[in-house]
Amino acid sequence: ITEGEEGMSKKYKELVLSLPCAKFWDHILYKYQGYWMPSRQLNGIISFQKYFKAQNSDIILCTFPKSGTTWLKALVYTTLNRSHCAPNSATHPLLACNPHNLVPYFEMQIYGDENENPNLENLPNPRIFATHLPFSLLPPSISYSNCRIVYICRNPLDQLISYWYFFTSPSPNYNETNSIEELVKMFEEGICMYGPFWDHVLEYWNKSIERKDRILFLYYEDLKEDIISQSIRLADFLGLPFSEEEKDKGVIEDISRLCSFRNLKELEVNKSEDLWPGVPNNIFFRKGEVGDWVNHLSPAMVEKIKKLVEEKFKDSGITF
Ligand code: A3P
(Lines give C-alpha, C1' and ligand atoms only; values in the text may rest on other atoms or scores of the structure.)
Protein backbone atom coordinates (compact mmCIF):
# COMPACT_ATOMS: atom_id res chain seq x y z
CA ILE A 1 0.00 0.00 0.00
CA THR A 2 1.38 3.36 -0.96
CA GLU A 3 0.89 6.83 0.32
CA GLY A 4 -1.50 7.77 -2.44
CA GLU A 5 -3.83 4.86 -1.64
CA GLU A 6 -7.54 5.63 -1.66
CA GLY A 7 -8.75 7.64 1.27
CA MET A 8 -5.38 7.53 2.99
CA SER A 9 -5.37 10.04 5.81
CA LYS A 10 -2.44 12.43 5.70
CA LYS A 11 -2.65 13.07 9.40
CA TYR A 12 -2.52 9.44 10.50
CA LYS A 13 -0.42 8.25 7.56
CA GLU A 14 2.42 6.86 9.62
CA LEU A 15 0.13 4.89 11.89
CA VAL A 16 -1.94 3.61 8.98
CA LEU A 17 1.08 2.49 6.97
CA SER A 18 2.23 0.34 9.88
CA LEU A 19 -1.04 -1.65 9.96
CA PRO A 20 -1.66 -5.02 8.29
CA CYS A 21 -3.84 -4.57 5.23
CA ALA A 22 -6.01 -6.66 2.94
CA LYS A 23 -8.08 -6.20 -0.17
CA PHE A 24 -11.84 -6.50 0.09
CA TRP A 25 -13.40 -6.22 -3.36
CA ASP A 26 -12.32 -2.78 -4.55
CA HIS A 27 -11.59 -1.57 -1.04
CA ILE A 28 -8.52 -1.61 1.15
CA LEU A 29 -8.96 -2.71 4.73
CA TYR A 30 -6.55 -2.09 7.59
CA LYS A 31 -6.43 -4.18 10.71
CA TYR A 32 -6.78 -1.55 13.38
CA GLN A 33 -7.08 -2.51 17.04
CA GLY A 34 -8.12 -6.03 16.08
CA TYR A 35 -10.73 -5.17 13.42
CA TRP A 36 -10.64 -4.74 9.65
CA MET A 37 -11.42 -1.12 8.91
CA PRO A 38 -12.07 0.46 5.52
CA SER A 39 -9.18 2.75 4.61
CA ARG A 40 -11.57 5.54 3.69
CA GLN A 41 -13.05 5.58 7.14
CA LEU A 42 -9.93 5.20 9.27
CA ASN A 43 -9.40 8.90 9.55
CA GLY A 44 -12.94 9.41 10.82
CA ILE A 45 -12.63 6.43 13.16
CA ILE A 46 -9.47 7.75 14.79
CA SER A 47 -10.86 11.28 15.13
CA PHE A 48 -14.08 9.91 16.62
CA GLN A 49 -12.04 7.93 19.13
CA LYS A 50 -9.88 10.92 20.03
CA TYR A 51 -12.36 13.73 20.17
CA PHE A 52 -15.91 12.60 20.83
CA LYS A 53 -17.31 13.53 24.24
CA ALA A 54 -20.43 11.63 25.11
CA GLN A 55 -23.30 13.10 27.10
CA ASN A 56 -25.38 10.97 29.45
CA SER A 57 -28.47 11.55 27.34
CA ASP A 58 -26.86 10.41 24.06
CA ILE A 59 -28.29 7.46 22.16
CA ILE A 60 -25.79 5.53 20.09
CA LEU A 61 -26.88 2.96 17.52
CA CYS A 62 -24.19 0.37 16.93
CA THR A 63 -24.32 -2.21 14.17
CA PHE A 64 -22.33 -4.50 11.99
CA PRO A 65 -22.92 -3.32 8.40
CA LYS A 66 -26.02 -4.71 6.65
CA SER A 67 -27.69 -5.83 9.86
CA GLY A 68 -30.64 -3.44 9.82
CA THR A 69 -29.00 -0.11 10.67
CA THR A 70 -31.29 1.91 8.40
CA TRP A 71 -34.38 0.41 10.00
CA LEU A 72 -33.04 0.93 13.53
CA LYS A 73 -32.21 4.56 12.76
CA ALA A 74 -35.74 5.18 11.51
CA LEU A 75 -37.34 3.47 14.52
CA VAL A 76 -35.23 5.19 17.17
CA TYR A 77 -35.52 8.62 15.55
CA THR A 78 -39.31 8.31 15.27
CA THR A 79 -39.78 6.89 18.75
CA LEU A 80 -37.70 9.57 20.44
CA ASN A 81 -39.24 12.48 18.54
CA ARG A 82 -42.86 11.34 18.62
CA SER A 83 -44.12 13.94 21.10
CA HIS A 84 -43.41 16.86 18.73
CA CYS A 85 -43.37 14.94 15.48
CA ALA A 86 -46.31 12.58 15.17
CA PRO A 87 -45.45 9.43 13.23
CA ASN A 88 -48.64 9.81 11.17
CA SER A 89 -47.90 13.43 10.28
CA ALA A 90 -47.70 14.29 6.59
CA THR A 91 -44.63 16.41 7.33
CA HIS A 92 -42.63 13.84 9.27
CA PRO A 93 -38.88 14.24 8.52
CA LEU A 94 -38.59 10.56 7.54
CA LEU A 95 -40.86 11.24 4.59
CA ALA A 96 -38.34 13.67 3.15
CA CYS A 97 -34.97 12.42 4.48
CA ASN A 98 -33.15 9.14 4.33
CA PRO A 99 -32.64 7.74 7.88
CA HIS A 100 -28.86 8.07 7.44
CA ASN A 101 -29.28 11.82 7.14
CA LEU A 102 -31.34 11.99 10.32
CA VAL A 103 -28.99 9.79 12.36
CA PRO A 104 -25.43 10.27 11.12
CA TYR A 105 -22.52 7.86 11.40
CA PHE A 106 -19.63 9.15 13.48
CA GLU A 107 -16.90 7.73 11.30
CA MET A 108 -18.42 8.62 7.93
CA GLN A 109 -20.47 11.75 8.39
CA ILE A 110 -19.53 13.50 11.63
CA TYR A 111 -15.77 12.95 11.77
CA GLY A 112 -15.35 12.18 8.05
CA ASP A 113 -13.60 14.60 5.72
CA GLU A 114 -10.84 15.33 8.23
CA ASN A 115 -13.35 17.07 10.49
CA GLU A 116 -11.97 16.82 14.00
CA ASN A 117 -14.12 19.39 15.62
CA PRO A 118 -17.72 19.09 14.49
CA ASN A 119 -20.19 21.22 16.35
CA LEU A 120 -22.28 18.69 18.24
CA GLU A 121 -23.17 20.79 21.25
CA ASN A 122 -26.28 22.38 19.82
CA LEU A 123 -27.93 19.25 18.47
CA PRO A 124 -31.42 18.57 19.84
CA ASN A 125 -31.51 16.48 22.98
CA PRO A 126 -31.24 13.51 23.04
CA ARG A 127 -28.57 13.37 20.38
CA ILE A 128 -28.78 10.23 18.25
CA PHE A 129 -25.68 8.91 16.52
CA ALA A 130 -24.62 5.72 14.79
CA THR A 131 -21.44 3.76 14.31
CA HIS A 132 -20.19 0.44 12.96
CA LEU A 133 -17.32 0.36 15.48
CA PRO A 134 -17.12 -2.60 17.87
CA PHE A 135 -17.60 -1.84 21.56
CA SER A 136 -13.90 -2.06 22.40
CA LEU A 137 -13.05 0.66 19.90
CA LEU A 138 -15.60 3.19 21.08
CA PRO A 139 -14.18 6.38 22.62
CA PRO A 140 -13.61 6.15 26.37
CA SER A 141 -16.20 8.82 27.14
CA ILE A 142 -18.94 6.48 25.86
CA SER A 143 -17.90 3.83 28.36
CA TYR A 144 -17.69 6.31 31.21
CA SER A 145 -20.92 8.15 30.49
CA ASN A 146 -24.40 6.80 31.02
CA CYS A 147 -25.41 7.14 27.40
CA ARG A 148 -27.51 4.33 25.94
CA ILE A 149 -26.44 1.98 23.18
CA VAL A 150 -28.77 0.00 20.93
CA TYR A 151 -27.21 -2.83 18.94
CA ILE A 152 -28.94 -4.76 16.20
CA CYS A 153 -27.66 -8.08 15.00
CA ARG A 154 -28.73 -10.21 12.05
CA ASN A 155 -28.38 -13.83 11.02
CA PRO A 156 -24.92 -13.91 9.38
CA LEU A 157 -26.20 -15.79 6.33
CA ASP A 158 -28.63 -13.00 5.48
CA GLN A 159 -26.14 -10.35 6.53
CA LEU A 160 -23.60 -11.81 4.10
CA ILE A 161 -26.00 -11.78 1.18
CA SER A 162 -27.08 -8.25 1.95
CA TYR A 163 -23.38 -7.30 2.07
CA TRP A 164 -22.72 -9.01 -1.21
CA TYR A 165 -25.46 -7.07 -2.96
CA PHE A 166 -24.35 -3.83 -1.39
CA PHE A 167 -20.80 -4.19 -2.64
CA THR A 168 -21.41 -5.80 -5.98
CA SER A 169 -24.50 -4.01 -7.25
CA PRO A 170 -22.73 -0.78 -8.22
CA SER A 171 -20.12 -2.73 -10.19
CA PRO A 172 -21.30 -4.22 -13.47
CA ASN A 173 -18.40 -6.65 -14.00
CA TYR A 174 -18.68 -9.21 -11.27
CA ASN A 175 -18.88 -12.93 -11.51
CA GLU A 176 -21.74 -13.92 -9.31
CA THR A 177 -20.62 -17.32 -8.11
CA ASN A 178 -16.99 -16.46 -7.60
CA SER A 179 -17.85 -13.30 -5.77
CA ILE A 180 -20.01 -15.03 -3.21
CA GLU A 181 -17.44 -17.76 -2.74
CA GLU A 182 -14.78 -15.17 -2.26
CA LEU A 183 -16.93 -13.29 0.22
CA VAL A 184 -17.62 -16.45 2.23
CA LYS A 185 -13.92 -17.21 2.31
CA MET A 186 -13.06 -13.72 3.54
CA PHE A 187 -15.88 -13.85 6.08
CA GLU A 188 -14.46 -17.08 7.47
CA GLU A 189 -11.09 -15.44 7.84
CA GLY A 190 -12.76 -12.54 9.61
CA ILE A 191 -11.76 -10.21 6.78
CA CYS A 192 -14.70 -7.96 6.05
CA MET A 193 -15.50 -4.37 6.87
CA TYR A 194 -15.57 -4.00 10.66
CA GLY A 195 -15.01 -7.74 11.01
CA PRO A 196 -14.51 -10.30 12.37
CA PHE A 197 -18.29 -10.54 12.60
CA TRP A 198 -18.30 -12.83 15.64
CA ASP A 199 -16.03 -10.60 17.75
CA HIS A 200 -18.17 -7.58 16.92
CA VAL A 201 -21.40 -9.32 17.92
CA LEU A 202 -19.97 -11.02 20.99
CA GLU A 203 -18.54 -7.81 22.41
CA TYR A 204 -21.93 -6.08 22.35
CA TRP A 205 -23.74 -9.21 23.50
CA ASN A 206 -21.50 -9.62 26.53
CA LYS A 207 -21.72 -5.93 27.41
CA SER A 208 -25.51 -6.02 27.03
CA ILE A 209 -25.65 -8.75 29.65
CA GLU A 210 -23.36 -6.82 32.01
CA ARG A 211 -25.13 -3.50 31.50
CA LYS A 212 -28.77 -4.19 30.67
CA ASP A 213 -29.72 -0.62 31.53
CA ARG A 214 -27.21 0.80 29.06
CA ILE A 215 -27.05 -1.64 26.15
CA LEU A 216 -30.03 -3.13 24.36
CA PHE A 217 -29.29 -6.06 22.06
CA LEU A 218 -31.87 -6.60 19.32
CA TYR A 219 -32.22 -9.16 16.56
CA TYR A 220 -33.34 -8.11 13.08
CA GLU A 221 -35.38 -11.30 12.87
CA ASP A 222 -37.28 -10.46 16.08
CA LEU A 223 -38.23 -7.08 14.66
CA LYS A 224 -39.46 -8.75 11.50
CA GLU A 225 -41.48 -11.23 13.50
CA ASP A 226 -43.10 -8.87 15.99
CA ILE A 227 -42.37 -5.20 15.47
CA ILE A 228 -44.95 -4.10 18.05
CA SER A 229 -43.45 -5.89 21.03
CA GLN A 230 -39.92 -4.98 19.94
CA SER A 231 -40.94 -1.32 19.59
CA ILE A 232 -42.31 -1.39 23.12
CA ARG A 233 -39.03 -2.89 24.33
CA LEU A 234 -37.10 -0.22 22.47
CA ALA A 235 -39.18 2.66 23.83
CA ASP A 236 -38.89 1.29 27.39
CA PHE A 237 -35.13 1.05 27.02
CA LEU A 238 -34.88 4.57 25.61
CA GLY A 239 -36.66 5.85 28.71
CA LEU A 240 -39.76 6.94 26.80
CA PRO A 241 -42.28 4.12 27.28
CA PHE A 242 -45.55 4.29 25.35
CA SER A 243 -48.42 5.51 27.53
CA GLU A 244 -51.74 3.66 27.57
CA GLU A 245 -53.22 6.56 25.66
CA GLU A 246 -50.57 6.25 22.95
CA LYS A 247 -51.17 2.53 22.75
CA ASP A 248 -54.92 3.09 22.39
CA LYS A 249 -54.36 5.71 19.72
CA GLY A 250 -52.25 3.31 17.67
CA VAL A 251 -48.99 5.27 17.95
CA ILE A 252 -46.88 2.09 17.95
CA GLU A 253 -48.58 0.89 14.77
CA ASP A 254 -48.02 4.33 13.21
CA ILE A 255 -44.30 4.16 14.01
CA SER A 256 -43.92 0.66 12.65
CA ARG A 257 -45.82 1.59 9.48
CA LEU A 258 -43.77 4.73 8.91
CA CYS A 259 -40.49 2.84 9.41
CA SER A 260 -41.53 -0.26 7.51
CA PHE A 261 -39.43 -1.47 4.60
CA ARG A 262 -42.32 -1.10 2.18
CA ASN A 263 -43.03 2.48 3.19
CA LEU A 264 -39.42 3.72 3.26
CA LYS A 265 -38.49 1.99 0.01
CA GLU A 266 -41.33 3.67 -1.88
CA LEU A 267 -40.60 7.20 -0.72
CA GLU A 268 -39.39 9.50 -3.45
CA VAL A 269 -36.33 10.53 -1.42
CA ASN A 270 -35.24 6.91 -1.12
CA LYS A 271 -36.04 6.06 -4.71
CA SER A 272 -34.29 8.88 -6.47
CA GLU A 273 -31.75 10.67 -4.26
CA ASP A 274 -28.18 9.85 -3.32
CA LEU A 275 -26.82 9.64 0.20
CA TRP A 276 -23.31 10.35 -1.10
CA PRO A 277 -21.99 10.55 -4.64
CA GLY A 278 -22.18 6.99 -5.99
CA VAL A 279 -24.28 5.77 -3.05
CA PRO A 280 -27.98 5.98 -3.94
CA ASN A 281 -30.46 5.86 -1.09
CA ASN A 282 -32.20 2.92 -2.71
CA ILE A 283 -29.18 0.69 -2.06
CA PHE A 284 -30.29 0.53 1.60
CA PHE A 285 -33.66 -0.95 0.69
CA ARG A 286 -33.16 -4.17 -1.25
CA LYS A 287 -35.48 -6.94 -0.11
CA GLY A 288 -35.74 -6.67 3.66
CA GLU A 289 -36.53 -10.33 4.21
CA VAL A 290 -35.42 -13.10 6.51
CA GLY A 291 -33.92 -16.17 4.82
CA ASP A 292 -33.04 -14.76 1.39
CA TRP A 293 -29.69 -16.59 1.73
CA VAL A 294 -31.34 -19.80 0.50
CA ASN A 295 -31.47 -18.23 -2.95
CA HIS A 296 -27.75 -17.52 -3.07
CA LEU A 297 -25.60 -19.79 -0.94
CA SER A 298 -24.70 -23.35 -1.88
CA PRO A 299 -25.29 -26.11 0.73
CA ALA A 300 -21.52 -26.39 1.17
CA MET A 301 -21.18 -22.68 1.92
CA VAL A 302 -24.09 -22.79 4.34
CA GLU A 303 -22.63 -25.75 6.15
CA LYS A 304 -19.26 -24.02 6.47
CA ILE A 305 -20.73 -20.81 7.83
CA LYS A 306 -23.12 -22.58 10.18
CA LYS A 307 -20.28 -24.64 11.59
CA LEU A 308 -18.14 -21.59 12.10
CA VAL A 309 -20.96 -19.64 13.71
CA GLU A 310 -21.76 -22.56 16.01
CA GLU A 311 -18.14 -22.73 17.08
CA LYS A 312 -17.72 -18.98 17.58
CA PHE A 313 -20.98 -18.43 19.48
CA LYS A 314 -20.92 -21.67 21.45
CA ASP A 315 -22.20 -21.18 25.01
CA SER A 316 -22.70 -17.45 24.47
CA GLY A 317 -26.49 -17.59 24.53
CA ILE A 318 -26.77 -15.93 21.14
CA THR A 319 -29.33 -17.60 18.93
CA PHE A 320 -29.31 -17.24 15.17
P1 A3P B 1 -31.38 -6.89 2.41
O2 A3P B 1 -30.17 -6.60 1.58
O3 A3P B 1 -31.41 -8.31 2.89
O4 A3P B 1 -32.65 -6.50 1.74
P5 A3P B 1 -28.21 -1.76 6.81
O6 A3P B 1 -29.31 -0.81 7.04
O7 A3P B 1 -27.49 -2.15 8.08
O8 A3P B 1 -27.29 -1.30 5.75
O9 A3P B 1 -28.88 -3.11 6.33
C10 A3P B 1 -29.53 -3.17 5.10
C11 A3P B 1 -30.50 -4.31 5.13
O12 A3P B 1 -31.67 -3.94 5.89
C13 A3P B 1 -31.00 -4.62 3.73
O14 A3P B 1 -31.29 -6.01 3.73
C15 A3P B 1 -32.26 -3.76 3.67
O16 A3P B 1 -33.17 -4.14 2.66
C17 A3P B 1 -32.82 -3.98 5.06
N18 A3P B 1 -33.74 -2.91 5.46
C19 A3P B 1 -33.63 -1.58 5.25
N20 A3P B 1 -34.67 -0.93 5.76
C21 A3P B 1 -35.48 -1.86 6.30
C22 A3P B 1 -36.74 -1.80 6.98
N23 A3P B 1 -37.37 -0.65 7.18
N24 A3P B 1 -37.28 -2.95 7.41
C25 A3P B 1 -36.65 -4.14 7.21
N26 A3P B 1 -35.46 -4.26 6.58
C27 A3P B 1 -34.88 -3.13 6.13
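When a ligand or atom number is given, it counts from 1 through the structure's own listing order.
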Number the atoms of ligand 1 from 1 as they appear, then name those within less than 4.0 Å of a heavy atom of Gly288, with their elements.
1 (P), 4 (O), 16 (O), 26 (N)
Testing Leu202, Asp199, Ile215, Asn206 for side chain to side chain contact (heavy atoms under 4.5 Å, CB included) with Phe135, which one passes?
Ile215
Starting from atom 23 (N) of ligand 1, what is the nearest protein heavy atom, named by residue and atom, and what distance separates them?
Cys259 O, 2.9 Å
Can the positive tip of Lys73 be found less than 6.0 Å from the middle of the six-membered ring of Tyr105, inside 45° of the ring normal?
yes
Can you find a pair of side-chain heavy atoms, one from Ile227 and one from Trp71, that are under 4.5 Å apart?
yes
Among Trp164, Trp293, Phe166, Phe284, the residue with a heavy atom nearest to atom 15 (C) of ligand 1 is Phe284
Part of Ser260 within contact of ligand 1 (heavy atoms, under 4.0 Å):
backbone
Flag the pair Glu221 and Lys224 as a salt bridge only when some basic side-chain nitrogen lies within less than 4.0 angstrom of an acidic carboxylate oxygen.
no
At less than 4.0 angstrom from any non-hydrogen atom of Ser162, what atoms of ligand 1 do you find?
1 (P), 2 (O), 3 (O), 11 (C), 13 (C), 14 (O)
Looking only at non-hydrogen atoms, the one of Asp158, Asp292, Thr69 nearest atom 5 (P) of ligand 1 is Thr69
Which ligand 1 atoms are under 4.0 Å away from a heavy-atom of Lys287?
4 (O), 16 (O)
Looking only at non-hydrogen atoms, the one of Lys224, Lys265, Arg154 nearest atom 14 (O) of ligand 1 is Arg154
Side chains of Ile142 and Ile149, heavy atoms from C-beta outward: is any pair under 4.5 Å?
yes
Could you identify the single nearest non-hydrogen protein atom to atom 16 (O) of ligand 1 and state the distance to 0.1 Å?
Arg286 N, 3.0 Å
Option with minimal heavy-atom separation from atom 17 (C) of ligand 1, where the choices are Trp71, Tyr163, Tyr220, Phe64:
Tyr220
Per-residue contact class, Arg262 against ligand 1 - non-hydrogen pairs under 4.0 Å
neither
Beyond-backbone contact of Ile255 with Phe242, side-chain heavy atoms, under 4.5 angstrom:
yes
Are Asp254 and Arg257 within salt-bridge range, i.e. N to O under 4.0 Å?
yes
Tell me the protein heavy atom at minimum distance from atom 8 (O) of ligand 1, and give that distance in Å.
Lys66 NZ, 2.6 Å
Among non-hydrogen protein atoms, atom 6 (O) of ligand 1 lies closest to Thr70 OG1, 2.4 Å
Are any of the N/O atoms on Pro65, whether in the backbone or the side chain, positioned under 3.5 angstrom from an N/O atom of ligand 1?
no
Would Phe166 and Phe284 count as a close aromatic pair, with their ring centres under 6.0 Å?
yes
Could an N or O of ligand 1 be found under 3.5 Å from any N or O of Phe261, whether backbone or side chain?
yes
Heavy-atom distance under 4.5 Å between the side chains of Pro87 and Val251, does that happen here?
yes
Counting from 1, what ligand 1 atoms have a heavy atom of Phe285 closer than 4.0 Å?
16 (O), 19 (C), 20 (N)
Taking distance alone, with N or O pairs closer than 3.5 Å, would you say Ser67 contacts ligand 1?
yes
With a 4.5 Å cut-off on side-chain heavy atoms, are Tyr32 and Gln41 touching?
no
Does Thr131 form a side-chain hydrogen bond (donor to acceptor under 3.5 Å, both in side chains) with Glu107? I'd like the steps, not just the answer.
CA-CA 7 Å; Thr131 181; Glu107 59 274 20; 2.9 Å; yes
Taking 4.0 angstrom as the limit and counting only heavy atoms of Gly68, give me the atoms of ligand 1 inside it, by number and element.
5 (P), 6 (O), 7 (O), 9 (O)
